[in-house]
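Reminder, nothing fancy here: chain letters follow the sequence lines and each chain counts from 1.
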Amino acid sequence: MTDGENTRPSNFIRHIIDEDLVTGKNDGCVATRFPPEPNGYLHIGHAKSIALNFGIANDYNGTCNLRFDDTNPHKENKEFVNAIMNDVHWLGFDWQDRLYFASDYFKQLYDYAVQLIKKNKAYVCDLNAEQIRAYRGTLTEPGKDSPYRERTVDENLELFARMRAGEFQDGACVLRAKIDMTSPNINLRDPAIYRIRHGVVHHQTGEAWCIYPMYDYTHCISDSIEGITHSLCTLEFEDHRPLYNWFLEELEVSCHPQQIEFSRLNLEYAVTSKRKLTELVDEGLVAGWDDPRMPTIAGLRRRGYTPRALRNFCQRIGVTKVDNIVEMAVLEDCIRTDLNETAARRMAVLHPLKVIITNYSESDVEELPAANHPQDEVMGTRVIQLSNEIYIDQHDFAEVPPKKFKRLTVGGEVRLRNAYVIRCDNVIKDAHGNIIELHCSYDADTLGKNPEDRKVKGVIHWVSAKHALQAEIRLYDRLFKHPTPDASDATKDGSDYKDLINSDSLRTLAHCYIEPSLAEAQAGEQFQFEREGYFCLDSMHLPGNVPVFNRVVTLRDTWAKIERKQ
RNA sequence: UGGGGUGUCGCCAAGCGGUAAGGCACAAGGUUUUGAUCCUUGCAUACCCAGGUUCGAAUCCUGGCACCCCAGCCA
């Protein structure tokens with residue numbers, strides 16, 4: 001039910017909008033926006049917000065703008081702008097011609113600030129950062145007025161103009177809203193709304209400005225300018241809402257959007273904070289923003305996740321105000337559900353063990369048809385080659401089999417997927433006792449049919465040793481070994497979330513064998529390697545190089561569960 | 001006795017005064033040339049706790065308790 005992309009989710013934000021529609025608020029219009037700051041790549045938490053904002057716009061016949069909240073040029077750049085646009089599109093959402101930057105409004109924002117000063121609702125304050133902090137008071141004690149709070153309107157007007165003209169050094173003064181230094185809500189204790197920043201080149205406005213507006217001031221006005229009806233943001237902005245409303249009321253703008261807060265997504269065994277993701281990248285703890293272990297959109301894409309799976313995930317987790325930590329199993333089920341339906345089946349041997357089929361002619365090669373999907377005939381078939389030498393996986397053979405083992409054992413039989421039943425006659429070992437080869441014999445009367453006199457339970461995958469291609473396969477696992485790496489209980493022993501990185505999160509298998517048809521795989525294309533999992537050809541793959549396949553996710557593994565219990 | 005929020009199954013989450021949806025996870029069966037998929041079944045006499053209102057409360061009221069967020073010239 002929650003799987004269908006066509007079913008409308010039910011959540012408190014949609015209830016509010018439904019109510020607004022019946023009361024005729026906003027003339028029945030719905031306008032949302034996705035407002036990222038271009039100071040990093042988007043992560044799965046942003047996907048939730050994107051799906052929410054664009055999803056609502058879509059379902060209510062409204063619009064959703066993409067607006068970059070680019071008021072802090074120190075941390076932002078064009079690479080991030082481009083990466084974000086790319087990721088939103090890739091996820092399947094379109095802002096059409098509604099691409100905006102908060103920096104588009106710098107002039108208007110400046111004029112509004114002048115308006116505020118004229119109303120005696122803003123003043124230039126010469127206190128430095130530490131002094132402002134001291135004057136702010138604490139959570140339980142009120143703050144006290146700045147000595148500059150009662151400057152005249154004219155004086156403030158002149159000072160602010162000089163700030164803009166570049167007459168003051170960074171930090172020399174700020175423009176502050178004049179609200180209430182004794183407010184129990186700290187956000188209302190005369191917040192700074194403009195600061196001075198010399199010597200930075202803004203990625204959109206260049207060096208046109210040396211003063212930059214702050215988030216609280218910018219965001220509500222940007223929303224208002226764009227005619228946003230419902231401004232959706234995360235819970236930590238809840239006590240900024242009075243400030244959001246204060247600016248819009250003082251400025252007497254014609255559009256006053258409603259800010260609604262929802263809880264951000266937390267994913268087990270991952271961090272979803274831009275600060276931390278930036279650290280992982282900057283300190284080289286991962287290979288980059290698109291490292292397949294990263295919970296970034298770019299990382300998930302490189303890992304082999306599909307937009308559809310991610311959209312489905314966002315729908316499944318819902319939207320509430322409750323603090324939550326979603327299990328990785330939900331995400332994994334989403335990609336399995338998608339790929340089970342769409343990925344072609346192939347065979348690949350990850351841990352090769354040579355098998356000689358002793359009664360199979362050395363010069364013979366058979367070309368066997370194999371279905372690309374067991375349930376979907378329209379996906380067609382491909383040809384696989386069989387010869388007297390094949391590779392199977394080391395885990396599919398056991399000299400001393402555990403209970404319920406239905407793979408190959410000495411003297412036992414197993415079916416080669418899409419081919420014949422073989423029996424293991426002999427185990428060849430090296431001087432150290434390591435198994436290096438198996439000698440088997442095949443039953444020629446078992447192609448496409450089961451033997452009548454006996455039951456062969458196991459089926460294993462394989463590739464022809466004479467035909468297989470070499471490949472590197474990268475097995476990815478969760479990046480962190482702790483379910484909540486950034487929670488205080490996980491780090492209270494003084495360890496940092498970075499100490500909780502799973503050293504086994506990437507295992508590279510350099511010498512794997514894959515079936516020849518995989519030579520035609522396209523970069524980024526996903527396959528199911530039967531009995532192993534879903535894999536995708538790395539998007540950086542260049543034709544002619546040894547292919548690298550990334551494991552997207554394993555198959556559900558009932559056998560592993562049984563083994564664990566034993 | 002600073003302010004703002006949140007509490008429904010292990011994890012998400014519907015529910016909006018008429019007697020606890022769904023998904024994931026888990027468990028047990030069945031089909032199967034993937035120990036996959038698919039199918040069937042089970043899984044909250046109970047909604048943080050305690051009172052109260054009502055014929056009837058997860059939903060309303062009162063009082064507790066627990067947890068989260070806020071003291072950037074970040075967003």
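Using a 4.0 Å heavy-atom distance criterion, A:Glu141 is classed as making no nucleic acid contact. Counting non-hydrogen atoms under 4.0 angstrom, A:Thr320 reaches the backbone sugars and phosphates but no base. Among the atoms of the strands shown, only primed sugar atoms or phosphate atoms (P, OP1, OP2) are found under 4.0 Å from some heavy atom of A:Val319. Nucleic acid contact for A:Phe405: base, since at least one base atom lies under 4.0 Å from a heavy atom of the residue. Nucleic acid contact for A:Glu37: sugar-phosphate only, since backbone atoms but no base atoms lie under 4.0 Å from a heavy atom of the residue. Within the 4.0 angstrom heavy-atom criterion, base atoms lie near A:Phe237. A:Ile132 comes within 4.0 angstrom of a nucleotide base, judged by non-hydrogen atoms across all strands. Counting non-hydrogen atoms under 4.0 angstrom, A:Ile193 reaches nothing in the nucleic acid. Nucleic acid contact class of A:His74 (heavy atoms, under 4.0 Å, all strands): none. Residue-level contact check: A:Thr218 touches neither bases nor backbone, having no heavy atom under 4.0 Å from any strand. A:Asn128 comes within 4.0 angstrom of a nucleotide base, judged by non-hydrogen atoms across all strands. Among the heavy atoms of the strands lying under 4.0 Å from A:Lys321 are primed sugar atoms or P, OP1, OP2 only; no base atom is included. Residue contacts shown for A:Arg415 include a base, since a base heavy atom lies under 4.0 Å away. Looking at heavy-atom distances under 4.0 Å, A:Ile317 makes contact with sugar-phosphate atoms alone, never a base.
Put simply, A:Arg531 has a side-chain N or O that comes within less than 4.0 Å of OP1 or OP2 on B:G35. Note on A:Lys561: a side-chain N or O is less than 4.0 Å away from OP1 or OP2 of B:C26. Applying the 4.0 Å criterion to OP1 and OP2 of B:C74, one finds that A:Arg195 has a side-chain N or O inside that range. Considering only side-chain N and O atoms, A:Arg345 lies nowhere under 4.0 angstrom from the phosphate OP1 or OP2 of B:A36. Residue A:Thr558 has a polar side-chain atom (N or O) positioned under 4.0 Å from OP1 or OP2 of B:A36. Dashed line: the shortest gap from a side-chain N or O of A:Arg133 to OP1 or OP2 of B:G72 is under 4.0 Å. A close approach under 4.0 Å does not occur between any side-chain nitrogen or oxygen of A:Arg189 and OP1 or OP2 of B:G72. One finds a side-chain N or O of A:Lys565 lying less than 4.0 angstrom from the OP1 or OP2 phosphate oxygen of B:A27.
A donor N or O paired with an acceptor N or O is not found under 3.5 Å between the base of B:U34 and the side-chain atoms of A:Glu532. You'll find a donor-acceptor pair under 3.5 Å spanning the side chain of A:Asp239 and the base of B:G3, going by distance alone.
Residues A:Tyr497 and A:Glu279 have side chains that bring a donor and an acceptor to within less than 3.5 angstrom of each other. Using modelled atom types, one finds a donor on one side chain and an acceptor on the other under 3.5 Å when comparing A:Tyr244 with A:Asp223.
Between A:Tyr123 and A:Asp190 the shortest side-chain heavy-atom distance falls below 4.5 Å. Counting heavy atoms from C-beta on, the side chains of A:Ile392 and A:Val349 never come closer than 4.5 Å. Two residues are said to be in side-chain contact when any heavy atoms from C-beta on lie closer than 4.5 Å; A:Pro38 and A:Ile84 meet this criterion.
Summarising the local packing, CD of A:Glu130 is surrounded by more than 12 heavy atoms from other residues, nucleotides or ligands at distances under 6.0 Å.
Remark: ring of A:Trp559 stacked against base of B:G35; centroid gap under 5.5 Å, plane tilt under 30°.
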